[in-house]
Amino acid sequence: MEIRPILSAMLRNKTAPLLIAAQVALTLAIVCNALYIIQDRLATASRPSGADEANVSEIRFYPHRQIADVRGMQLRDLEAIRAVPGVVAAAWTNQVPLGRSGWSTSVRLEADAQESPVDSAAQYFSPDSIIDTFGLTLVEGRDFEPGDVIETNPAVDRNQPEVAIITQAMARQLWPDETSVLGKPLYVGGEDNPPVRVIGVVEKLQTPWGNLGEQAEYSFILPMRYLDPFTRYSVRTEPGRHAQVMAEVEKVLLENSSDRVLLGRRTLAEARDQRYAGERLMAGLLIAVTVFLLLITASGIVGMASLWVNQRRKQIGVRRAIGARKADILRYFLVENLMITTGGIAAGIALAVALNNFLVAELSLPRLPVAYLGATMVAMWVLGLLAVLGPAWRAAAVPPAIATRTA
């Protein structure tokens, strides 16, 4: 089939093809970027935190009157928690992965460095093993020993430990060319603080905020007993017994002291759900918008093609009467639609790139991969052909005598 007659027919009636092409272009630009944002948000929300999320909970208490012996309270609480059947490990911790609040600080390689390779690293600390409690994977070095732990009272002093454990992501950022970082010095916080020495590296430990990119794993752990009456205990239980064990842990802790109130408890999996609720909502809304746009575009193509068939019934009948086969009529409408869709796709690619540039500049979203453009182009071609197939098939099935009949 020659393209020229089809093009001539469209040029005689430009409005309808231009409207369909514009609709295809707009749909491609929005759908392409929406699909990539959906994939990016869902991938971000599913990143592993490094912890045994299903079997680790945090339980938090706040004093309603002064507690004279904070250290003794912490030791009694942990002894009571560890005595509960089904508890694998427990620790006082200042924060948890994806908890949305916590401590952070800058990390430098030299005390007087003006710039920091890690501007904001999550600062975990505990007098107990966070590695055992969270279920982290130690890939290099060792865990803390009792002699590493220091004690600090926020109302009196600001002592700092001499050793630290960091994540692989933070090690790569600080020493990209080193195969081992054990023994390396770090300067944490203020310029007057002495250096801490790296004694271990864990595979992953996300920050409480779930930052974007590798910054989500810029975390380090310090061996420190923090004498704060606000208490947060992290507890890891045996698989399959978590709800039962944590109910017992809550009961024994409330019995252990009447000087505080329970603020709440949750698993790390629940903390993840709360942290990424916005991302999942955004993905759901974008999926709904994408489906709606595709349905609207398909409906527009079907409606316009049906109108063209009704307007060209006599032309179809004449062509059938002089020997055109059903396949020729069908191919005519399919090729016509393919030409219109291709024009819309060409404009849509330029619009999609422009929209992505805007999103990158204004919202710091990642660049749109070429693969998404290619996949969306193919999807729009398939959608256009499927949408026009029904009207084209009806046109090809019209008998010549009926199509050419005049009123």
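What you see below is based on every heavy atom in this structure, not just the backbone, and it leaves out hydrogens, waters and symmetry mates.
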> Taking it one step at a time, do Glu238 and Val88 satisfy side-chain contact (heavy atoms from CB on, under 4.5 Å)?
Replying inline: CA-CA 6 Å; Glu238 296 174 355; Val88 175; 3.9 Å; yes
Any side-chain heavy-atom pair of [X] and [Y] under 4.5 Å:
X      : Y      : result
Leu294 : Thr27  : yes
Arg82  : Leu78  : yes
Gln160 : Ile150 : no
Asn193 : Val188 : no
Ile340 : Ile301 : no
Ile199 : Ile165 : yes
Leu136 : Ile221 : yes
Pro161 : Met224 : yes

Considering all heavy atoms of both residues, which atom of [X] and which atom of [Y] are nearest to each other, and what is their separation?
X      : Y      : result
Thr93  : Phe134 : CG2-CZ, 4.3 Å
Gly210 : Tyr276 : CA-OH, 3.8 Å
Gly200 : Leu182 : N-CD2, 3.7 Å
Val118 : Ala121 : CG1-CB, 3.7 Å
Ala271 : Pro97  : CB-O, 4.3 Å
Ile81  : Ala90  : CG2-CB, 3.6 Å

[atom2] on [Y] to [atom1] on [X], rounded to 0.5 Å:
X      : Y      : atom1 : atom2 : answer
Asp128 : Gln74  : CG    : CD    : 8.5 Å
Thr44  : Arg275 : OG1   : CZ    : 8.5 Å
Asp40  : Glu279 : CG    : CD    : 9.5 Å
Asp259 : Tyr62  : CG    : OH    : 13.5 Å
Phe220 : Gln123 : CZ    : CD    : 4.0 Å
Arg266 : Glu58  : CZ    : CD    : 4.5 Å

> Run the side-chain contact (heavy atoms from CB on, under 4.5 Å) check on Val96 and Arg232 step by step: do they pass?
Replying inline: CA-CA 9 Å; Val96 296; Arg232 174 188 276 112; 4.1 Å; yes
Is it true that atom [atom1] of [X] has more than 12 heavy atoms of other residues, nucleotides or ligands lying nearer than 6.0 Å?
X      : atom1 : result
Glu79  : CD    : no
Phe230 : CZ    : yes
Gln66  : CD    : no
Met339 : CE    : yes
Gln274 : CD    : yes

Using a distance-only test with no angle check, is there a side-chain donor-acceptor pair under 3.5 angstrom linking [X] and [Y]?
X      : Y      : value
Asn211 : Tyr218 : no
Ser234 : Thr133 : no
Glu140 : Ser180 : yes

Distance-only, no hydrogens or angles: does the [X] side chain make a donor-acceptor pair with backbone N or O of [Y] under 3.5 Å?
X      : Y      : result
Asp148 : Glu145 : yes
Glu250 : Ala247 : no
Asn356 : Asn33  : no
Ser219 : Leu205 : yes
Asn256 : Val252 : no
Arg272 : Ala45  : yes
Gln95  : Ser101 : no

Distance-only criterion, 3.5 Å: show the donor-acceptor pairs between side-chain atoms of residues 375-391 and protein atoms not counting sequence neighbours.
residue, atom, partner, partner atom, Å
Thr376, OG1, Tyr372, O, 2.6
Trp381, NE1, Thr342, OG1, 3.0

> Ile296 and Gln23: side-chain contact (heavy atoms from CB on, under 4.5 Å), yes or no, with the steps?
Replying inline: CA-CA 9 Å; Ile296 291 297; Gln23 192 173 16; 3.2 Å; yes
> Can you check side-chain contact (heavy atoms from CB on, under 4.5 Å) on Glu217 and Gln168, steps first, answer last?
Replying inline: CA-CA 8 Å; Glu217 295 177 23; Gln168 279 187 322; 6.0 Å; no
>> Can you tell me how the ring of Trp92 sits relative to the ring of Phe125, calling it parallel under 30°, perpendicular over 60° and tilted otherwise?
In response: parallel
>> Asp119: which residues meet the salt bridge (Lys or Arg N to Asp or Glu O under 4.0 Å) condition with it, sequence neighbours left out?
In response: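 Residues passing salt bridge (Lys or Arg N to Asp or Glu O under 4.0 Å) with Asp119: none at all.
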> salt bridge (Lys or Arg N to Asp or Glu O under 4.0 Å) with Arg172: which residues, sequence neighbours excluded?
Replying inline: Glu214
>> Before you tell me yes or no, could you show the steps for Asn94 and Tyr226 under side-chain hydrogen bond (donor to acceptor under 3.5 Å, both in side chains), namely the whole-Å CA-CA distance, both residues' side-chain angles and the distance that decides it to 0.1 Å?
In response: CA-CA 8 Å; Asn94 66 316; Tyr226 196 72; over 6 Å; no
